[in-house]
Structure formats: C-alpha cells, structure tokens
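Notes for the one structure printed next.
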Amino acid sequence: MSEPLLRLENVERRYHMEGEDVRAVRGVSLAIDAGDYVAIVGPSGCGKSTLLNLLGAIDRPDAGRVLLDGRDVGSLSDREATELRLRRIGFVFQRFHLLAALNARENVELPMAEAGVAKRDRAERARELLAYVGLAGRERHRPPQLSGGEQQRVAIARALANRPALILADEPTGELDARTGAEVAALFQRLNDDGATLVVVTHDEELAAAAKRVIHMRDGVVVRDERSAAPSAAAGGR
Amino acid sequence: MIGRLVAAALLGRRTRTTLAIAGVAVSAALLLDMVMLSTGMSVSFRSLLLSRGFQLRVAPKGTLPFDTEATIPDATATIVALHESLDVEAVSPVLGGTIHIPGARGATSAVALGIDPRYQGDYELISGRNPGEGEIVANDALLEATGRSVGDTLTVAGGYDPQLRRFAGARRMTISGRAHFIYLARGQRAAAMPIASLQALGGPGRRDRVSLMMVRARQGADVEAVRSWIAKRLPRVTAISTETALAQVEERLSYFRQLAFILGSVSLVVGVLLVGTLVTVSVNERIGEFAVLRAIGVAKRTITAQIMLEGAVLMLAGAAFGLALGLVTARYLNTILSSFPGLPQGIDFFLFQPRAAWTALGLLAAAGVLAGAWPAWRGASLPVARTLREEAA
Amino acid sequence: MRYAAFLLAKFVAAASLAAQQPRTIAIDARLAADAGLHVGDVVVLAAQPGEAGDTVRIAAITRPNADPSEVSHQEYRVRMHLDQLQSLTSYGDRVHRFAVQTNGGASTDRAVAAIDAAAFGFLAHRSRDVAVETSATFAVVSRFHRAIGVITVVASAIFLLCILLLKVDERRKDVAALRLSGISRATVVKSIVIEASVVALLGTIFGAGLGWVATAIVNAHYQGVYRTPLRFALITPQTIGFALVLSVVLGVAAGALAALRLARAHPLALLGRR
C-alpha cells in the first residue's frame with residue numbers, strides 16, 4: 001500500500017478572538033491518497049476553510065502534524081512553505097483572486113514566472129492550460145472582461161501551472177450561478193479523471209456529490225468520512 | 001513578470017500615479033534649484049574673479065575692492081614694492097571714477113576705469129584695440145547712449161562743478177575699441193582708459209592714486225603666502241585672496257545658502273513622505289492581493305521587490321521631470337536675482353553642476369525607494385491565512 | 001588789584017583748560033563692542049592711517065539703525081560735529097547733502113521746486129523717492145521670495161491633492177456601503193469636503209503657529225549675525241489671512257475633486273463587483 005500523499009495527525013488550530021480561545025480545528029486526523037477527490041462539507045464556521053489552509057501550508061497547526069509527501073508542513077520555514085505552495089500545491093479561491101491588471105494568460109503564467117520557467121515555455125503552457133479549461137482564444141482578455149465562470153476557469157488553469165501534486169479549492173463555485181457552477185464542477189471531475197488530487201471545501205451539493213470521498217465537519221471535528229459511489233479515476237495527469 | 005506587475009499597478013491608477021509623479025517632480029525641481037543656489041554664487045563668483053588669472057586684490061586698508069571711494073596713494077611705489085616678491089608675476093592697477101560726456105541733450109555719465117593696458121583684467125576687447133594716450137574703450141551701453149562708435153572722438157570730463165555748472169578736466173578722446181566689462185552690471189555704461197589719463201581728469205587729488213591693484217601670482221606659487229607677504233610688506237593696504245573675497249561675499253549672501261539648505265531639506269523630506277504615503281496606501285489596498293500571491297507560492301522578496309520597484313519608478317520618473325522643471329524654474333529665479341543693482345553680469349545664482357545635481361536627485365530617489373521599503377516588507381509579511389480570511393469578510 | 005589778578009589767572013587757567021578738553025563724538029554699538037570702547041574713553045581720530053588726527057572723547061554709543069541697506073555692509077559709524085569732520089578730512093566748507101524738513105504735503109512740493117530753481121547744480125529729492133531708489137536690492141529679494149512662495153504653494157497643492165486622493169480612495173468600500181444604503185452622492189461629497197476643509201483649516205492654524213515660531217527664530221538669528229534691530233521676517237494679520245484663505249480653498253478644491261471622483265463611480269464598481 002503506497003504512502004498517502006497527505007496525512008493529518010491529530011491536528012489542532014486555535015484562534016484568539018475577542019478575549020476568547022476558539023478551537024477552529026480540533027484533533028483532526030485523516031489521510032488523502034494521490035488521485036483522490038475529497039470534498040469537505042459542513043456548516044459555516046465548522047473549520048473547513050481553516051483545515052484547507054492547514055493542508056495548503058498557508059497556516060500552521062498549533063498541535064499535531066500535517067505531512068505532505070512525508071514532509072511536516074508545520075515545521076517548514078516561511079520560505080520553504082512558500083516554495084512548497086509554488087511547486088506542489090495549486091489553490092483555487094472562492095473569489096477567483098485573479099490580478100485584474102493582467103490578462104488571462106499572464107495570470108496563468110504568474111506561478112511559472114515565480115518558479116523560473118522561461119518566458120516562451122510558460123507562455124506555451126499557459127495557452128495549453130487555458131485550452132484545457134475551455135478558454136482557448138481568450139488569453140488576452142483581462143478578468144473584468146470575463147464572466148465569473150470564465151474567471152474561475154482561469155484560476156483553475158493558474159492552479160495547474162506548475163503541475164502541482166495537490167489542488168485545493170475553497171468554495172470554488174460559491175460566487176457562481178448554478179449552471180456555471182456545474183461547468184466548474186465538471187471541470188474538477190475532468191481534472192480528477194486525468195489524475196489530479198483534489199480537496200474541495202464546498203457548500204455545493206452537486207460538487208460534493210461528484211467527489212469520491214466526503215468529509216463532514218462540525219465544530220472543528222470530523223463527524224463523518226465516507227466514500228461515495230462515484231467511479232475511481234483513470235491514470236494519467238496534467 | 002515583476003515589471004509587468006509594476007506597470008499594471010501604476011497604470012491601473014493613472015490619476016494617482018500622475019499626481020504622485022507630479023508631486024515628486026516638484027520636490028525634485030525645488031531640491032535641484034536649492035542645490036544650484038547653494039553652489040552657484042560661489043562657483044560663478046570664483047570663476048569671475050579668476051577669469052583673467054588674478055588671484056589677489058589689493059585695496060585700501062580695511063575695505064573691499066570698490067566698496068568705498070577710498071584710494072591707495074603712491075601707487076607707483078606700491079607696484080614696485082609688490083614686484084619685490086618673486087612670486088608676483090603681474091600687477092594690474094585700476095582706478096575707478098566717473099566720467100561725463102556732454103551731449104546735445106545733456107551729459108551722459110559712465111563708470112570709468114583707469115587701467116594699464118598691458119596687464120588689465122577688467123574687460124574683454126570685442127573689436128578695435130586697447131587704449132593708448134588720449135584714447136578710451138567703451139562698452140555697448142555707453143556707445144549706444146552717446147550715439148558713437150569705434151573711431152569717433154568725444155569730449156570726456158572728469159568732474160562736474162555744480163556751482164558753476166561746468167565740467168572740469170574736459171578733454172577730447174578717441175574711442176579705440178569696443179569692450180565687454182567683466183565686473184560691471186548689465187546695462188551699466190562704462191569706459192576704460194590709461195590710468196594716467198583718468199588720474200589727470202580727476203585733478204591733482206588723484207595723482208598717483210589707484211582704487212585697486214589686481215595681482216597675478218606666478219604659476220605654482222602659494223597664493224596665501226603671497227597674500228601674507230603683501231600684508232606684512234605693505235601694512236597700509238589690505239590684500240584679499242580669491243578665497244577671502246569669496247568668503248566675504250558668501251558671508252554677505254549667506255542668507256541664500258541658508259535658504260537653499262532649508263528649502264532643499266524640506267523638499268527632500270516632503271518628496272520622500274509623499275512616496276512613502278503612496279506606497280503605504282497602495283499596499284494597504286492590496287493586502288488581499290498580496291496574500292493571494294503568497295498563497296499561490298510567490299515569495300516575500302518578490303512581492304517586496306515589486307512594491308519597492310513601484311516606488312522607485314515613481315521617484316525616478318518624478319526626478320526626471322523634476323530635472324527639466326528645475327532647470328526652467330532655476331532660469332526664471334536666476335533672472336530675478338540677476339537684477340540685483342550693481343551685480344556683475346557674469347554672476348549666476350543658479351548654476352547647474354552635474355555632479356551636485358545627480359547627487360541630489362539620486363539622494364531623493366534612493367530616499368524615496370527606502371521610504372517604500374518598510375510598507376513593502378510589511379505588506380509582503382502579513383500572515384496569509386488571517387489576511388485571506390479578513391479580506392474575504 | 002591782587003584779587004583781580006587772581007581772578008584773571010583763574011579765568012586764563014579755566015580758558016586754557018577748556019581749550020584742552022577734547023571734543024566729543026558718538027560711536028555705534030558695533031564699533032564699541034568690537035573695539036572695546038566705552039563712554040568716556042578718549043581716542044584719536046584721523047582721516048588716514050598714521051596721521052596725527054584729533055583727540056576726541058566718546059560721549060555716546062548709538063544703536064544701529066534698522067536700515068536694510070546698512071545690514072550687509074557692517075560698517076562702523078562715527079558721529080561728530082560737522083566742522084570737525086570737514087577739518088579732519090580737509091574737505092573745506094562742503095557737505096554731501098542736506099536733509100530738509102518741511103511742513104509736509106504741498107509745502108514739500110513748493111520746497112522742492114524752490115530749491116531746484118534757486119541753487120546751481122542742486123537737485124532736491126523727496127525722501128520717499130530716495131527710499132524707493134535705495135530699496136531696489138530688497139525689491140529683488142521680495143520678488144525672489146514671492147516666486148519661491150508661488151512654487152511652494154503649487155507644490156503644496158499637488159501634495160494635498162495627492163494625499164487627499166489616496167485617503168479618500170482608501171475609503172472606497174465605506175463610500176460604496178453608504179451609497180448602497182441610500183445615502184446620496186451629494187451627502188458623500190459634502191462630508192468629504194467638510195472633512196478636507198477641517199483638515200486644511202487645522203493644518204493652517206498649526207502652520208501659522210509654526211510660521212510664528214520660525215519668524216522668531218529667523219529674526220533672532222539674523223539680528224544676531226548682522227547685529228541689527230532690523231526685523232527680517234514679519235507675520236502680519238494679512239499674511240495669516242491670506243494663508244488661511246488659500247489653504248482652505250486648496251483643501252476644499254482638493255477634497256471636492258477627490259470626493260467627486262469617488263462619488264461618480266458606481267457603488268458596485270467601488271466594491272470591485274463591476
């Protein structure tokens with residue numbers, strides 16, 4: 001049995017807010033394998049976004065360990081964590097968070113430029129990724145010229161730029177209408193089918209239903225962790 | 001990509017960027033002007049004093065050259081005494097006075113300089129030749145006022161008796177040349193003649209007297225040592241070196257240097273504050289954006305460099321415009337100050353000296369960039385998770 | 001007889017003593033300080049170094065005039081009786097000028113006309129005209145100061161506009177929230193303009209205070225350097241009034257420009273949703 005890509009061991013995260021200690025994540029332990037498609041669901045304030053931040057080395061646990069490829073993410077320096085996010089993790093945000101002043105291609109190129117990829121190579125890959133997400137021919141358009149769904153697709157392409165081992169998405173359809181949300185959900189499915197490991201935090205039932213595994217959280221703890229009946233992903237990858 | 005991000009950030013807020021560049025340009029212009037003012041006077045005065053190679057001035061005791069009507073008696077003996085020093089190469093005696101040129105519509109007065117044509121250092125000949133016995137050279141202002149030209153003869157009087165309403169010591173003299181008088185103010189009418197001629201025009205009271213002697217030390221001589229020697233050898237005169245003259249003029253005009261320092265400092269501080277504030281506000285507005293960049297793996301130093309580069313571009317663009325603006329305003333301000341009554345034409349208050357200018361503008365640019373360093377670092381160092389959460393709220 | 005001779009002898013002695021009493025002069029405070037002279041000191045005055053000259057006694061020390069034209073010259077001034085100076089300098093019965101006091105107004109005009117008509121080679125000048133002529137240097141300095149003043153006002157206006165724009169821009173989300181809540185553009189603009197005016201006014205008051213302190217420092221410094229009672233910088237009610245009006249106008253204008261820019265934008269655009 002291969003090592004899980006991601007493992008959490010009794011992870012805790014606390015916040016001090018208005019004189020009170022809030023335990024956003026309490027003693028969470030779980031493992032995620034490569035190629036998995038995990039949805040984390042739960043009511044607002046249950047700690048799912050906090051958990052996602054811990055998985056993505058954006059935040060550090062106050063107790064426990066987060067291991068990515070066997071590496072304790074919580075013990076990394078700021079520079080190492082940043083490097084890890086650049087090369088091994090791709091993020092998709094609820095509000096897309098594209099840079100409005102850059103066009104679609106430039107937004108996708110951004111992580112590649114930071115990783116030192118040559119200009120011609122990154123431009124070519126950016127075009128490929130935009131075509132992959134269904135935005136061929138829109139590379140020169142800037143975010144204000146794109147619809148919400150199109151912006152989210154660009155954000156997904158950006159997340160794929162450096163061929164990450166793991167894609168984390170925080171409410172990726174939260175700002176989208178139902179039809180567009182369904183398109184994005186279909187894209188995520190395609191990503192997973194092509195071998196990407198996905199962890200998605202969502203309120204979207206359709207998105208959650210597409211996942212192979214659903215983790216239910218409440219008050220900072222995992223209350224249910226169930227595999228769905230969805231077929232397993234084929235090999236191959238982007 | 002950093003360049004692209006910087007361009008995007010600055011061009012995305014055109015009004016703000018334009019105003020910031022304008023603000024820095026004005027600061028830079030004022031700073032440049034004050035740097036020019038602080039050095040201009042002494043540099044141009046020094047070059048004026050040394051334009052003919054005379055490093056020392058000998059004036060009546062306790063006076064500055066032409067500051068009073070006092071004269072040095074026994075000029076011939078004094079010149080001989082000066083030449084006792086092997087370090088003295090040439091002595092140019094100068095007698096100052098006023099001449100009157102009667103005309104159809106009344107008399108034209110002019111400054112008169114009695115000189116030794118062999119060693120004179122007071123004018124540059126434009127046309128004609130140096131004056132001999134019975135001759136004068138005149139500047140354009142005098143020629144225009146009298147309607148004369150080179151070769152003409154005119155009556156020149158040394159004094160005017162108001163009781164008898166008669167000119168004293170009048171004689172006919174020929175204009176031998178046209179000259180530009182180095183130390184006189186713009187528009188001031190002037191003529192030069194052999195010193196003996198002017199002494200004669202002034203009557204017995206002016207015999208063998210001079211207002212000033214300009215001394216040229218030989219190449220390599222210690223000018224200060226020559227000055228000390230003159231002070232000891234001739235206690236009834238005052239020897240002034242170029243440095244001393246400069247120091248005294250600078251003391252009189254110290255106000256402008258102090259003003260230059262104060263205004264220059266203020267404009268430097270204001271320019272830096274402006275860019276610092278702009279960068280801080282810009283960072284505050286974009287902390288969410290920076291948090292996202294950090295989340296997707298962009299390093300702190302990349303973000304810091306981007307923000308500092310934005311500040312640097314503003315400063316450099318502002319400094320470039322400021323250089324052009326500063327030169328224009330300096331010209332205007334110089335025109336105002338050059339109209340000081342009696343100021344020699346060759347004096348500039350605002351003088352562009354490349355080294356000083358680049359140093360000042362470079363200082364402004366560097367200070368501005370550094371002013372952006374702290375907000376840049378702060379913006380890049382905010383905790384990613386918390387910032388994302390707060391920006392989403 | 002003997003008593004008459006005694007009186008005569010006393011008279012002759014007194015007359016001889018009076019004849020030996022040095023005449024008195026007044027010197028200026030700068031000369032007194034630099035040369036270490038005091039009232040009562042006896043000095044020798046000569047027209048040229050090394051001449052015998054006159055022995056005189058210092059009867060008074062005078063304060064320098066608050067005359068701008070004398071400031072940079074740093075000349076020492078000695079006042080003595082006219083005949084003594086004429087004798088000392090072998091100038092004879094000559095003077096450089098007369099100062100004439102009239103009853104003012106038309107009598108001055110009549111005096112000028114009479115003098116010009118009567119005296120050969122004399123011209124009478126009104127003191128006012130002489131003052132204008134000799135103030136040419138200071139007119140230049142005034143023009144220079146005014147030019148610098150204009151430049152700094154322009155610079156300040158640009159800085160103010162830039163800062164206000166930044167500050168107002170920072171509050172775009174607040175403005176968006178207000179507009180979405182139904183607050184009118186006019187109210188938003190008015191509140192920002194009022195805020196900008198108050199800031200400008202407070203800044204002016206602070207600046208006036210700073211200017212007053214700076215004026216005191218400038219005067220103290222230059223009066224010390226040039227040893228003169230002349231006041232170099234002066235804050236007048238007109239100056240303060242002008243500064244007040246100017247900064248409020250600039251503040252209002254800058255605030256209005258910044259506010260109008262923001263108020264014109266759609267609230268959703270301010271929130272980045274458009």
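In what follows, chains are A, B, ... by sequence order, proteins preceding strands, each numbered from 1.
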Evaluate whether atom [atom1] of [X] has more than 12 neighbouring non-hydrogen atoms of other residues, nucleotides or ligands under 6.0 angstrom away.
X: Q353(B); atom1: CD; answer: yes
X: R138(A); atom1: CZ; answer: yes
X: Y15(A); atom1: OH; answer: yes

State, with a plain yes or no, whether a side-chain heavy atom of [X] is found less than 4.5 Å away from one of [Y].
X: R301(B); Y: R79(A); value: yes
X: R294(B); Y: D78(A); value: yes
X: M1(B); Y: E109(A); value: yes
X: V384(B); Y: N53(A); value: no

* To do: Look up atom CD in E114(A) and atom CD1 in I2(B), then write down how far apart they are to the nearest 0.5 Å.
  => 7.5 Å
* Asked: Name the one of I58(A), D170(A), D59(A) that satisfies side chain to side chain contact (heavy atoms under 4.5 Å, CB included) with L388(B)?
  -> I58(A)
* Please report the closest heavy-atom contact between A295(B) and F93(A), naming both atoms and the distance. => CB-CZ, 3.7 Å
* Structure fact -> When the 4.5 angstrom heavy-atom criterion is applied to R158(A) and chain B, the contacting part is side chain
* With a 4.5 angstrom heavy-atom cut-off, could you sort out which part of Q94(A) is near chain B: side chain, backbone, both or neither? => neither
* Asked: Which bit of L11(B) is near chain A, if near means a heavy-atom gap under 4.5 Å: side chain, backbone, both or neither?
  -> neither
Measure from the side-chain N and O atoms of [X] to the backbone N and O of [Y], and report whether any donor-acceptor pair falls under 3.5 Å.
X: E289(B); Y: L99(A); value: no
X: R4(B); Y: L102(A); value: no
X: R85(A); Y: I296(B); value: no

* Asked: Applying a criterion of heavy atom separation less than 4.5 Å, what residues of residues 29-51 of chain B form contacts with chain A?
  -> none
Please tabulate, one pair per line, all N/O donor-acceptor pairs under 3.5 Å involving side-chain atoms of residues 18-27 of chain B, not counting sequence neighbours.
| residue | atom | partner | partner atom | Å |
| --- | --- | --- | --- | --- |
| T18(B) | OG1 | R14(B) | O | 2.6 |
| S27(B) | OG | S267(B) | O | 3.3 |
| S27(B) | OG | G271(B) | N | 3.4 |

